Amino acid sequence: MKLNQSKKFILTPKPPFHFDGTFHKPSHFPNNLKLDDWESGKYWQSLRIGKRILGLKIVDVGTTAKPKLSVSIFYKGVLSPAELEGIKKEISWRFELDRDFGEFNALAKKDKRFYPVFKKWMGMRNLSQYTLYELLIIAVVLQNATVRRSQQMLDALIGKYGTKVEFDRRALYAIWLPEDLKVISEQELRDLRIGYRAKFIKRLSEDFANKKVDEVQLRTLDKENAKKELIKLYGIGPESARILLFEALHHYDIFDHIAPWQQKIYSMLFYGKKLVPTNTIRKDILKQYGKYSMLAVHYIWENVFWLRKTQKIDWLENEIRL
DNA sequence: CATCAGGGCCCTG
DNA sequence: CAGGGCCCTGAT
């Protein structure tokens, strides 16, 4: 699909805003059929708005203190002014352009140990690029699999059911719509070597297609209720719910579930030890960062993955199972 | 060659 | 609430 039309506008995030920290997460391992792309100061992704596939390009034209984003929307056919307004709102929601980080930054300032890290990434948002359905698919392929296998599964799915979109001289992919899988059998999904996850994806797609899940309404719920709703989804347990609560619904006061592989990394990051009990980690983090626990951990976590891009971190390499 | 755990979750007892 | 089973893959 070639998106040969475009409209451009400016958005001004609430300062501070950290462009590269927000639009590139080195801890996320990219698959081959890319959904998004980044280089310093520039970001591209396919964008699902309703049933429509658009191209999104965001260019940094401001500073951390005076942020300014030049946003281009690529499309085919016509794009009404009302639609464009909706898109602006959606972008603001997803990338939390209007969120006030004052309280969090004040908290960070009092943190003797990690203040340099918080300062370096001040204004960084968590990245919520996808619709709830798209992120669910990603969460499901992450389950009980190493990085490489997750990549394989996602590539297989996108290759078969995704859409290639071309805009701004780039080719990216967009994930299918839930109803697209109506005619696809579980066996057909299994043939992509995604194993028992085929059942999850099949049922999740049905539930979304049948409007049993309302993303807009989920965004209005408080953390506990949102979590309760997410866990009800077939194939979604505590860890997948945690990902969704943080990345899709922007809840920061979540730090109850710690997976074994995360425990190992947290142990080194926060204690310099091989393995600290999860209860200790949980208690210490909550005491230090309270309702911003997940966000604070996100800063420290991404920071070490940024470091990994330029230097070898032996202990981390051992914990990242490719 | 086999065995096994892994960026979890469902189901059963 | 504990524990077995699940699809596949790469590691051992």
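In what follows, chains are A, B, ... by sequence order, proteins preceding strands, each numbered from 1. Keep in mind that what you see is a predicted model, and the values were worked out from it rather than measured.
Here Trp261(A) does not lie in a stacked arrangement on the base of dG6(B), lacking the combination of planes under 30° and ring centres under 5.5 Å apart.
Ile265(A) and Val147(A) fall within the same hydrophobic cluster, defined by Ile, Leu, Val, Met, Phe, Trp and Tyr side-chain heavy atoms under 4.5 Å apart, directly or through other members.
Side-chain contact, Lys227(A) with His251(A): no donor N or O sits under 3.5 Å from an acceptor N or O. Of the N and O atoms on the side chains of Tyr196(A) and Asn144(A), at least one donor lies less than 3.5 Å from an acceptor on the other residue. Side-chain polar atoms of Thr220(A) and Gln217(A) form no donor-acceptor pair below 3.5 angstrom.
Remark: P of dG7(B) and CD1 of Ile265(A) are 9 Å apart, rounded to the nearest angstrom. In this structure, Ile320(A) places its CD1 atom 17 Å from C1' of dA11(C), rounding to the nearest Å. Rounded to a whole Å, the CG atom of Leu189(A) is 12 Å from the P atom of dC8(C). Rounded to whole Å, the distance from CD on Gln152(A) to C1' on dG6(B) is 13 Å. Between the CE atom of Met153(A) and the P atom of dG10(C) there is a distance of 11 Å, rounded to whole Å. Between the P atom of dC9(B) and the NE2 atom of His257(A) lies a distance of 6 Å, rounded to the nearest Å. Atom CZ of Phe200(A) is separated from atom C1' of dG5(C) by 11 Å (rounded to the nearest Å). Between Arg149(A) atom CZ and dA11(C) atom P the separation is 14 Å, expressed in whole Å.
For residues 133-146 of chain A, proximity to DNA chain B is found at Leu142(A), Gln143(A), Asn144(A), Ala145(A), Thr146(A), defined as any non-hydrogen atom under 4.0 angstrom from a strand atom. A heavy-atom distance below 4.0 Å to DNA chain B is reached by these residues of residues 231-255 of chain A, ordered by number: Leu233(A), Tyr234(A), Gly235(A), Ile236(A), Gly237(A), Pro238(A), Glu239(A), Ser240(A).
To the nearest whole angstrom, the two C1' atoms, one in dG7(B) and one in dA2(C), are 23 Å apart. Here the separation of dA5(B) from dC9(B), taken at their C1' atoms, is 16 Å to the nearest Å. The gap from the P atom of dG5(C) to that of dT3(B) amounts to 15 Å, rounded to the nearest Å.
Residue contacts for Arg193(A): at a heavy-atom cut-off of 4.0 Å it reaches the sugar-phosphate backbone alone, with no base atom in range. Heavy atoms of Gln262(A) sit nowhere under 4.0 angstrom from any nucleic acid atom.
Screening Trp301(A), Trp121(A), Tyr299(A), Phe270(A) for a ring pair (Phe, Tyr, Trp, His ring centres under 6.0 Å) with Phe114(A), the sole residue that qualifies is Phe270(A).
Stems are defined here as 3 or more consecutive Watson-Crick or G-U wobble pairs with pairing distances under 3.5 Å; those involving DNA chain B are B:2-6 with C:8-12, B:8-13 with C:1-6.
A salt bridge links Arg170(A) to Glu39(A): at least one charged side-chain nitrogen sits closer than 4.0 Å to a carboxylate oxygen. The pair Glu103(A)-Lys291(A) meets the salt-bridge criterion, with a side-chain N (NZ, NE, NH1 or NH2) lying under 4.0 Å from an Asp/Glu carboxylate O.
Side-chain atoms of Arg197(A) stay outside donor-acceptor range of the base of dC6(C), with no qualifying N/O pair under 3.5 Å.
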- Message: Apply salt bridge (Lys or Arg N to Asp or Glu O under 4.0 Å) to residues Arg242(A) and Glu239(A) and explain how you reach the verdict.
- Response: CA-CA 5 Å; Arg242(A) 185 196 64 76; Glu239(A) 172 61 9; 3.0 Å; yes
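Side-chain contacts under 4.5 Å among hydrophobic residues (ILVMFWY), followed directly or transitively, place Met1(A) together with Leu3(A), Trp44(A), Ile53(A), Phe74(A), Val165(A), Phe167(A), Leu172(A).
Along DNA chain B, the nucleotide closest to Glu319(A) and the one closest to Lys199(A) are compared, and the more 5′ of them pairs with Glu319(A).
Taking the O4'-C1'-N9-C4 or O4'-C1'-N1-C2 dihedral as appropriate, dG7(B) has a value within 90° of 0 and is therefore syn.
Partners of Ser70(A) by side chain to side chain contact (heavy atoms under 4.5 Å, CB included), not counting sequence neighbours, listed by chain and number: Lys8(A), Ile10(A), Val59(A), Val61(A). Residues that satisfy the side chain to side chain contact (heavy atoms under 4.5 Å, CB included) test with Gln288(A), not counting sequence neighbours, are Asp111(A).
A cation-pi contact, defined as under 6.0 Å to the ring centre and within 45° of the axis, is absent between Lys109(A) and Phe118(A).
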